[in-house]
S.K.: 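Sharing a structure with you now.
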Amino acid sequence: MPTWFQTTAIDYPNSRPHIGTAFEKLGADVQARYRRMEGYDVFFLMGNDENTAKVSRQAARLGLDPQTYCNDMARQFRSVWDALDISYDVFIQTSSERHKQCCRKFIQKVYDNGYIYKGSYEGWYCPECEEFKTQKQYDDSGGLCPNHRLALVRRTEPCYYFKLSAFQDRLLQHYQQHPDFIQPESRRNEIISLIQTEGLRDVNISRLGEDWGIRIPFDPEFTIYVWFDALLTYITGIGYGDDESTFRKYWPADVHFIGKDITRFHCALWPAMLWAAGEQAPRRVFAHGFVYVKNEESGVVEKISKSLGNVIEPMEVISKFSSEAFRYYFLRECPYPSDGEFSWSRFAEVYNAELANNLGNLLSRCVNLIVKNYEGVLSWAEGPLPQAVVASGELPEFVERVRQQVESFHYHLALQAILRELLTPTNQYLEAQAPWKLVRTDAAAAAQVLGRAVESLRVAAILLKPFLPRTAATLYHSFDFTEPWEQVRYATAAQPPVSGRQRRVIAPLQDGKLKPLFPRIDLSEANLHT
RNA sequence: GGCGGGGUAGCUCAGCGGUUAGAGCAGUCGCUUCAUAAGCGAUGUGUCGUGGGUUCGAUUCCCACCCCCGCUACCA
């Protein structure tokens, strides 16, 4: 059984996740679900990045000790991920004792291998934030802290450096030999040009005088600074340091899903850290885009931020509509490798046009026609078995196209194909054949027509399974397809169903009718703005 | 400033040397009524960012300029 190990970025628990954070997890979840379907032994890792000064300060503000605060935030994060049906296997908290121990083993190893040395770091420091600011931040804000508007001071402190510079050539060579290591390609080009034009400097991986965090084993006055701790969840989460066999089974990771803003840490620093400890680099890093919020009144597209007051929490959308609608919107409307936008009006448009009118209504019309005219059972004793209606070419080729899009993380294109090449053509086919008329003169022919529509729904259910796990199951279980739902894979969609000559509606009915799969959203009722 | 990507219908985008520049959504008009007031069909006078140039011919190639976005090192 092939393994598939994937991770998402671990999040700072300074505040609860917003829709942008969820976008990343969603894209990762589709991949995890797809790989499970296809027979991989999947390990899907997520977690929170807790060992930061900001976390301990936020906890202090709330009068909590950091651990209590972190545990509570972790619980809140997980409840959001659960509500979205994110199918992670393990959720790591970096404040956990296990992570800390494994982390210390790693850094000790890198130290023993000679890639860590003591030096001093000089930079612009904000005493209020208790952290260093970048030169760019200094320049942009005229030497003031962007948060506190206090003058930044020049500060020097002893620290430990990781010899990132030693891996420059090896990294470039690695990118050369593994062209799809960094995706999408635009990010790859950025990283390569960064290294080629500016080179890599050694990085400070320690902090002095922090209570909260992981002590450096060879000098306990220091704690490990974020990246050198956070990135390690990707291996401590699968047993690095205390469960060698699990670690060897899953490492190297098949893909790290991250935001485009942290590409460099994952594509340069992380492989170098691993090499310094004698481990392999991950196979692939996928940097997705961001979600922006379109202001409903002004039409201005804004970055999601607390100060702009435009933060939308996933639970807000889920409780108004559903997790499936949430998943569909972001997977369909926001191209995973690029940026996307959210607005309530666009949400309603996409939902109505595609989920309610196209998919949901197709199921309704099929089920109701079969129930009314055939007492819920279609049979076709003679002739060819009904085939799904696809726009062009053969069904297997269509399924293959969708598969390609899923495997390359182009989820919006996969969903677009399902819609345009399968569902819409099926609606068109019904219109052209008009089985509601045909049944009066030739019931057998009408049964063939409906059989083809039902076949389209079967194919759609299977292809949609990674995207909309609940909807896909409901669709599939509306009919008596005999292949067990747990065992279907993409290849199943391309083959005719095992049970050939009869198809029964088994969807629950109310007063002889099917309850809408996705009830339309009425914009005029607009309870959208909270 | 440097490097990279982009500016095409109201919106999101495809096209990237050649007949009258395309798709989806939204809008408008029909048809239909099996279905969630759903479905189907028809419907666009768009300076293809601006100005030059190459060419028989440019949205598509070259140059300049304007505008937007990303990266430019320790800020998920």
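Each chain gets a letter, A, B and so on, in the order its sequence line appears, and its residues count up from 1. From a predicted model like this one, the values you see are computed outputs, not experimental measurements.
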S.K.: In whole Å, what separates the C1' atom of B/C13 from that of B/G52?
M.R.: 29 Å
S.K.: To the nearest Å, how far apart are A/Leu509 CG and B/A35 C1'?
M.R.: 14 Å
S.K.: Roughly how far apart, to the nearest Å, are B/U50 and B/A58 at atom C1'?
M.R.: 16 Å
S.K.: Could you state the CD-P distance from A/Gln433 to B/G41, rounded to the nearest angstrom?
M.R.: 14 Å
S.K.: Measure the spacing between CD1 of A/Ile192 and CZ of A/Arg187 and express it to the nearest 0.5 Å.
M.R.: 13.5 Å
S.K.: Using modelled atom types and a 3.5 Å cut-off, is there a donor and acceptor pairing between side-chain atoms of A/Tyr336 and backbone atoms of A/Glu24?
M.R.: yes
S.K.: Just by modelled atom types, is the A/Tyr160 backbone N or O under 3.5 Å from a matching donor or acceptor in the A/Ser206 side chain?
M.R.: yes
S.K.: Kindly point out which of B/C25, B/G24, B/A38 is positioned nearest to the side chain of A/Asn361?
M.R.: B/A38
S.K.: Classify A/Asn189 by what it touches in the nucleic acid, base, sugar-phosphate, or nothing, heavy-atom distance under 4.0 Å.
M.R.: nothing
S.K.: Can you tell me how far C1' in B/U59 sits from the matching atom in B/G7, rounded to whole Å?
M.R.: 12 Å
S.K.: Can you confirm if the NZ or CZ of A/Arg154 lies within 45° of the ring axis of A/Trp124 and under 6.0 Å from the centre of its six-membered ring?
M.R.: yes
S.K.: Distance between the P atoms of B/C25 and B/G41, in whole angstroms?
M.R.: 10 Å
S.K.: So what does A/Ser364 hit on the nucleic acid, given a heavy-atom distance under 4.0 Å: a base, only sugar-phosphate, or nothing?
M.R.: base
S.K.: What is the separation between atom CG on A/Asn352 and atom C1' on B/C25, rounded to the nearest whole Å?
M.R.: 12 Å
S.K.: Walk along nucleotides 70-76 of chain B from 5' to 3' and tag each nucleotide B, S or - by protein heavy-atom contact under 4.0 Å, base first, then sugar-phosphate.
M.R.: SSSBBBB
S.K.: What contact category does A/Leu517 fall into here, base, sugar-phosphate, or nothing, at under 4.0 angstrom with non-hydrogen atoms?
M.R.: base
S.K.: Assign the ring pair A/Phe518 / A/Tyr351 to parallel, tilted or perpendicular, where the plane angle (0 to 90°) is split at 30° and 60°.
M.R.: perpendicular
S.K.: Considering only the P atoms, how many Å lie between B/U36 and B/U43, rounded to the nearest integer?
M.R.: 30 Å
S.K.: Mind checking whether A/Trp344 and A/Phe347 have parallel, tilted or perpendicular rings, split at 30° and 60°?
M.R.: perpendicular
S.K.: Out of B/U33, B/C25, B/C34, which has the shortest distance to the side chain of A/Lys372?
M.R.: B/C34
S.K.: Looking at the side chain of A/Lys513, which of B/A38, B/A35, B/C40 is the nearest nucleotide?
M.R.: B/A35
S.K.: What is the distance, rounded to the nearest whole Å, between atom CG of A/Leu457 and atom C1' of B/A35?
M.R.: 13 Å
S.K.: Tell me which residues in residues 442-450 of chain A put a heavy atom below 4.0 Å from RNA chain B, sorted by number, or none.
M.R.: none
S.K.: Is the phosphate of B/U36 approached by A/Arg365 (side-chain N or O, under 4.0 Å from OP1 or OP2)?
M.R.: no
S.K.: Are A/Asn427 and A/Glu431 close enough, and set up right, to give a side-chain hydrogen bond (donor to acceptor under 3.5 Å, both in side chains), and what steps lead you there?
M.R.: CA-CA 6 Å; A/Asn427 271 316; A/Glu431 204 63 33; over 6 Å; no
S.K.: What is the distance, rounded to the nearest whole Å, between atom CG of A/Asn427 and atom P of B/C25?
M.R.: 12 Å
S.K.: A/Asn357 has an atom CG; how far is it from atom C1' of B/G24, in whole Å?
M.R.: 14 Å
S.K.: Just by distance, do the side chain of A/Ser56 and the backbone of A/Trp212 share a donor-acceptor pair under 3.5 Å?
M.R.: no
S.K.: If you assign each of A/Leu362 and A/Leu423 to its closest nucleotide in RNA chain B, which residue comes earlier from the 5' end?
M.R.: A/Leu362
S.K.: State, to 0.1 Å, how close A/Thr94 and A/Thr233 come at their nearest heavy-atom pair, and which atoms those are.
M.R.: CG2-CG2, 3.3 Å
S.K.: With C1' as the reference atom in both, quote the distance from B/C66 to B/G57 in angstrom, rounded to an integer.
M.R.: 28 Å
S.K.: Say you pick atom C1' in B/C29 and the same atom in B/C34; how far apart are they, in whole Å?
M.R.: 24 Å
S.K.: Applying side-chain hydrogen bond (donor to acceptor under 3.5 Å, both in side chains), run through A/Thr471 and A/Glu324 and close with a yes or a no.
M.R.: CA-CA 7 Å; A/Thr471 302; A/Glu324 298 282 289; 2.7 Å; yes
S.K.: Give each stem of RNA chain B as a range with a range, requiring at least 3 consecutive Watson-Crick or G-U wobble pairs whose two distances are under 3.5 Å.
M.R.: B:1-7 with B:66-72, B:10-13 with B:22-25, B:27-31 with B:39-43, B:49-53 with B:61-65
S.K.: In whole Å, what is the span from the CD atom of A/Gln428 to the C1' atom of B/C31?
M.R.: 15 Å
S.K.: Quantified in whole Å, what is the P atom distance between nucleotide B/G4 and nucleotide B/G39?
M.R.: 47 Å
S.K.: Taking it one step at a time, do A/Glu349 and A/Arg346 satisfy salt bridge (Lys or Arg N to Asp or Glu O under 4.0 Å)?
M.R.: CA-CA 5 Å; A/Glu349 265 176 28; A/Arg346 185 67 191 145; 2.5 Å; yes
S.K.: Does A/Arg452 make a cation-pi contact with A/Tyr429 (under 6.0 Å, within 45 degrees of the axis)?
M.R.: yes
S.K.: From the options A/Phe23, A/Tyr292, A/Phe330, select the one residue that forms a ring pair (Phe, Tyr, Trp, His ring centres under 6.0 Å) with A/Phe342.
M.R.: A/Phe330
S.K.: A/Trp436 CH2 to B/U32 P: how many Å, rounded?
M.R.: 12 Å
